K.L.:
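Pasting in a structure now, in structure tokens, and then I'll have a few things to ask.
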Protein chains: 2
Amino acid sequence: MKTADQVLVKQINKMIVLNTIYKKRPISRAEIAKVTGLNKSTVSALVDELLTEELVLEMGAGESQGGRRPVNLSINKEVGNIIGIDLGVNYILSIMTNFAGEIIWEKRIDLQHAHNSPGQRIADLQTLIEEMIVSASQTVRGIIGIGIGVPGIVNYEQGLILSAPNLGWENIELRSMIEQKFGIPVFIDNEANAGAIGEKWFGAGKRADEFLYISAGTGIGAGIIINNELYRGSKGLSGEIGHMTVSLDGIPCSCGNAGCLEEYASEKALFRYMKEYACVEELTIFNIIDNAIAGDEVSRKAFEYVGKCLGIGVANLINAFNPQLVIIGNSLPLVGDILMNELRREAEKRCFASKYFSVKILPSQLNMHACAMGAAALVISRLYASPVS
Amino acid sequence: MKTADQVLVKQINKMIVLNTIYKKRPISRAEIAKVTGLNKSTVSALVDELLTEELVLEMGAGESQGGRRPVNLSINKEVGNIIGIDLGVNYILSIMTNFAGEIIWEKRIDLQHAHNSPGQRIADLQTLIEEMIVSASQTVRGIIGIGIGVPGIVNYEQGLILSAPNLGWENIELRSMIEQKFGIPVFIDNEANAGAIGEKWFGAGKRADEFLYISAGTGIGAGIIINNELYRGSKGLSGEIGHMTVSLDGIPCSCGNAGCLEEYASEKALFRYMKEYACVEELTIFNIIDNAIAGDEVSRKAFEYVGKCLGIGVANLINAFNPQLVIIGNSLPLVGDILMNELRREAEKRCFASKYFSVKILPSQLNMHACAMGAAALVISRLYASPVS
DNA sequence: ATTAGTTTGTTTATTCGATAAACTAATTGT
DNA sequence: ACAATTAGTTTATCGAATAAACAAACTAAT
């Protein structure tokens, strides 16, 4: 059983200090003591340890507040680099960040055929990672870890892709493959979970304790942040909302059921709408977005329809979770208010307790970087523990 | 900020010891040390405190295991009594339990008119509480607290009923009313939340860390247990699933929208079905249950239909939460497998990741007592902290 | 320039909880 | 009778946070 002792106490307080420095840098020891409630001497001792671990740096003296000048502390951004990868359906987006989550290298490769064999795709991935590693700047700890966000069902503990229908993959032991090749810790998570943790650390969710990140792209998924942490459910399969039923006897879905949200509120639904009302195919999602923004009526209507349907799905989740905030990410929200206004209207209308609380519904702040940055945050969060507000 | 210190350490460990005694009673100090991993002397010290607080009792020697005989420890059931109340739409169910959650007194009063004025209803409630208090056995601490489960939207922190549509109540400061009258701590929660915590402490959810309790009666609500604790959401309004949209352009609902789950899977839906296919009205839910069990074909079909619809709602939640377990409570599951079989079939069919994990879907173990016992558990859990497995 | 007051950060002594080790107590099996 | 075993207590120690005293560095008023 998980009993408590002094080791736990120190762990908790040390992480509180580190998180405080991360969030409020530059900050002095005295200020840390003030905002955390820890004793000055406790803060000094913990900061000393963080300094010897090189996670934190002294940055010289700050402005005097009418007495001795404070010593500014900051995160040591150069303690190590992190690789974050968004394994998309027809692209791989790879970024390298420093310890503060600042992107210092980025590369996107587009892939023609969506259904590469796992072998070919993983070879591409490994080449990309190798390229990043050799070009990485020298740091204290080198590459700390690799995070990968995958569009599919993932076993996070085992680093296993159980199923990625849009890639045509089943049962891929991705973690052990990458770890064995590079000897660096690897974390694999679902694309929506990664997006959620990305927004929590670096995006629109920084200040929210409980929020939902809705990834609306080829498919629909949700990442759930509860009490400042990703909620993975009992077997790590939470947030599979793409196949939430929103229409009892609705459009048949590839999953074998009917009326799934994905048939109404994803790229798939958008393409169907365009095909039906504009008789156009062969457009990419980005074409349609550009057209809608440029004023094309059918494209706008298509996004309004999809926004309305997504609003229904969002309302269902708000009713269940009562979050402070819902962040809409992935490709669809790139179109902006055309989608978001309808979505907000419908969600508010169908939110039962909207009289008694307000939910902010915001587009992603990281846009198409949410997943890759979240993948990096999976690694970073291991060092910080959870970012306590 | 919530920093850690030795006080916290002791609190945690003491609650671990108390919970272990609660769950495994009778148990010796040595055994507690073994199962918790705490040191023998730590356990002895903490048990001593619990003994002087009279929360725990020594029950004499147990069987020797080949050495000195152990001293059996148990919860002191008589340390105090707890009142738990289910404030139903047309009844009040009131129970008194001892510290172990065993019911020692129970009374149900049925009320003709659903829409009593709050004043009249609260007067009834106070009379009932008074009756319980005078008839209570003498204990160390008397009545420890009063828990009340309410069918509506509740602010738990403030003990405030924001809205109870089925009672026709708005903005009732129930906690302060009852606390001022009796001078005993009062806890108010939503009926589904109370049901969930009841099943967690005393029913089908004892061994599950994450589960959903679905209250399917006049309305539909959910209580969400995450990490062994009730998840209330950001403003305490989680689990309002009655107005989850399951049919985009479905049956109009009193909430102003259309296609809400409540129109398909509650008593309301059952009555509508019976009216339409059997042309009978004036039946209570219990009449229909009895008829269905007795073999009446239309009643059975009605439950099968409602079960299927409820299964869709349950599948939506399973997809979002990935719980270990879903417990179906309140009136509808009293009919048994007629409902549950259809519900399970449909839920399994629509659960996207069902290939990768199994969810148990069980009827409530506490049946119509879930809410009242959960209301009592709201009080008890304050003394135990959360029951850590 | 002097001095009082303030702010920052360190040092020292104290407290408190968990723990290991040594102990007492009680029981079984041979 | 006595060795082995199990239950529970006592004692000494460790290590974390803390308060209080201190030293250092600065501002501002005189």
Side-chain angles (χ1 to χ4, degrees), chain A residues 1-18 20-21 24-53 56-74 385, chain B residues 1-18 20-21 24-53 56-74 385:
Chain A
M1 210 170 291
K2 219 190 134 189
T3 57
D5 57 8
Q6 286 186 325
V7 177
L8 178 75
V9 170
K10 186 167 181 180
Q11 231 170 44
I12 292 173
N13 290 338
K14 195 164 167 184
M15 285 309 130
I16 286 174
V17 170
L18 183 56
T20 307
I21 296 173
K24 314 225 162 150
R25 75 195 121 106
I27 189 173
S28 69
R29 292 168 173 81
E31 185 69 13
I32 295 171
K34 220 171 277 168
V35 302
T36 61
L38 288 167
N39 189 280
K40 282 195 297 176
S41 38
T42 308
V43 172
S44 274
L46 294 173
V47 165
D48 279 354
E49 286 191 26
L50 291 169
L51 284 169
T52 58
E53 289 167 29
V56 162
L57 281 181
E58 290 191 334
M59 309 280 288
E63 288 299 292
S64 166
Q65 306 295 312
R68 174 173 163 177
R69 293 169 69 191
V71 177
N72 276 333
L73 299 167
S74 184
Chain B
M1 209 170 291
K2 219 190 134 192
T3 58
D5 57 8
Q6 287 187 323
V7 176
L8 177 74
V9 169
K10 186 167 181 178
Q11 230 171 42
I12 292 172
N13 290 337
K14 195 164 167 183
M15 285 309 132
I16 287 174
V17 170
L18 183 57
T20 307
I21 297 173
K24 313 226 164 153
R25 74 195 121 104
I27 188 173
S28 68
R29 291 169 175 81
E31 185 69 13
I32 295 171
K34 221 171 278 169
V35 302
T36 61
L38 288 167
N39 190 281
K40 281 195 297 175
S41 40
T42 308
V43 172
S44 273
L46 294 174
V47 165
D48 279 354
E49 285 191 26
L50 292 169
L51 285 169
T52 57
E53 289 167 28
V56 161
L57 280 182
E58 291 191 333
M59 309 281 286
E63 287 300 292
S64 165
Q65 305 296 310
R68 172 172 164 179
R69 293 169 68 193
V71 178
N72 276 334
L73 299 168
S74 184

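Note that the coordinates shown come from a computational prediction; the quantities given were computed from them, not determined experimentally. Each chain gets a letter, A, B and so on, in the order the sequences are listed, and its residues count up from 1.
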K.L.:
What heavy-atom pair brings N72(B) and G62(B) nearest, and what distance separates the two atoms?
P.N.:
ND2-CA, 3.6 Å
K.L.:
The criterion is salt bridge (charged side-chain N to carboxylate O under 4.0 Å, His left out); which residues satisfy it with K14(A), sequence neighbours excluded?
P.N.:
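Per chain and number, K14(A) pairs via salt bridge (charged side-chain N to carboxylate O under 4.0 Å, His left out) with E49(A), E53(A).
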K.L.:
For the residue pair G67(A) and S64(A), what are the closest heavy atoms and their distance?
P.N.:
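For G67(A) versus S64(A), the nearest heavy atoms are O-OG, 2.6 Å.
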K.L.:
Would you name the heavy atoms of L38(A) and V43(A) that are closest together and state the gap between them?
P.N.:
CB-CG2, 3.8 Å
K.L.:
Please report, rounded to the nearest Å, how far the P atom of dG9(C) is from the CG atom of L51(A).
P.N.:
12 Å
K.L.:
If I take atom CE from residue M15(A) and atom CD from residue Q11(A), how far apart are they, to the nearest 0.5 angstrom?
P.N.:
7.0 Å
K.L.:
Quick one: E58(A) CD to dT10(C) C1', roughly how many Å, whole number?
P.N.:
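From E58(A) CD to dT10(C) C1': 13 Å.
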K.L.:
So how far is it from L18(B) CG to I16(B) CD1, rounded to the nearest 0.5 Å?
P.N.:
11.0 Å
K.L.:
Establish, with yes or no, whether the OP1 or OP2 oxygen of dT7(C) is under 4.0 angstrom from a side-chain nitrogen or oxygen of R29(A).
P.N.:
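No, no such contact exists.
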K.L.:
Where along residues 33-43 of chain B does a heavy atom come under 4.0 Å from DNA chain C, residue by residue in number order?
P.N.:
L38(B), N39(B), S41(B), T42(B)
K.L.:
Starting from P on dT7(C), measure out to CG on N72(A) and report it in whole angstrom.
P.N.:
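So the CG-P distance, N72(A) to dT7(C), works out to 17 Å.
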K.L.:
Counting only non-hydrogen atoms, which of residues 4-13 of chain A are less than 4.0 Å from DNA chain D?
P.N.:
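Residues of residues 4-13 of chain A under 4.0 Å from DNA chain D: Q6(A), V9(A), K10(A), N13(A).
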K.L.:
Expected output check: what is the dot-bracket annotation of DNA chain D, where ( ) and [ ] are pairs inside the strand (brackets for crossing ones), | is paired with another strand, and pairs are Watson-Crick or G-U under 3.5 Å?
P.N.:
||||||||||||||||||||||||||||||
K.L.:
Show the nearest heavy-atom pair for residues V56(B) and L51(B), with the distance to one decimal.
P.N.:
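Heavy atoms of V56(B) and L51(B) come nearest at O-CD2, 3.4 Å.
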K.L.:
Report each atom pair, protein N/O against N/O of nucleotides 26-29 of chain C, whose distance is under 3.5 angstrom.
P.N.:
from	atom 1	to	atom 2	distance (Å)
dA26(C)	N3	R68(B)	N	3.2
dT27(C)	O4'	G67(B)	O	3.4

K.L.:
To the nearest Å, how far apart are I16(B) CD1 and dG17(C) C1'?
P.N.:
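Taking atom C1' of dG17(C) as the reference, CD1 of I16(B) is at 14 Å.
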K.L.:
Among pairs that include at least one residue of residues 33-47 of chain B, which meet side-chain hydrogen bond (donor to acceptor under 3.5 Å, both in side chains), considering only residues two or more places apart or in two chains?
P.N.:
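The answer is N39(B)-S41(B).
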K.L.:
Kindly indicate whether the side chain of M59(A), heavy atoms from C-beta on, has any atom under 4.5 Å from the side chain of P26(A).
P.N.:
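Contact flag for M59(A)/P26(A) side chains = no.
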K.L.:
If you look at every strand shown and take non-hydrogen atoms under 4.0 Å, does T3(B) touch a base, only sugar-phosphate, or nothing?
P.N.:
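Touches nothing.
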K.L.:
Looking only at non-hydrogen atoms, find the nearest pair between P70(A) and S28(A) and report the distance.
P.N.:
CB-CB, 3.5 Å
K.L.:
Quick one: which of L73(A), I27(A), I12(A), I32(A) gives a side-chain contact (heavy atoms from CB on, under 4.5 Å) with V17(A)?
P.N.:
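So the option named by the test is I32(A).
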K.L.:
Quick one: does V9(A)'s side chain get under 4.5 Å of L8(B)'s, heavy atoms only?
P.N.:
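Result no, sub-4.5 Å side-chain heavy-atom pair not found.
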K.L.:
Nearest 0.5 Å, please: how far is CD1 in I21(A) from CZ in R29(A)?
P.N.:
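Between R29(A) CZ and I21(A) CD1, I get 8.5 Å after rounding to 0.5 Å.
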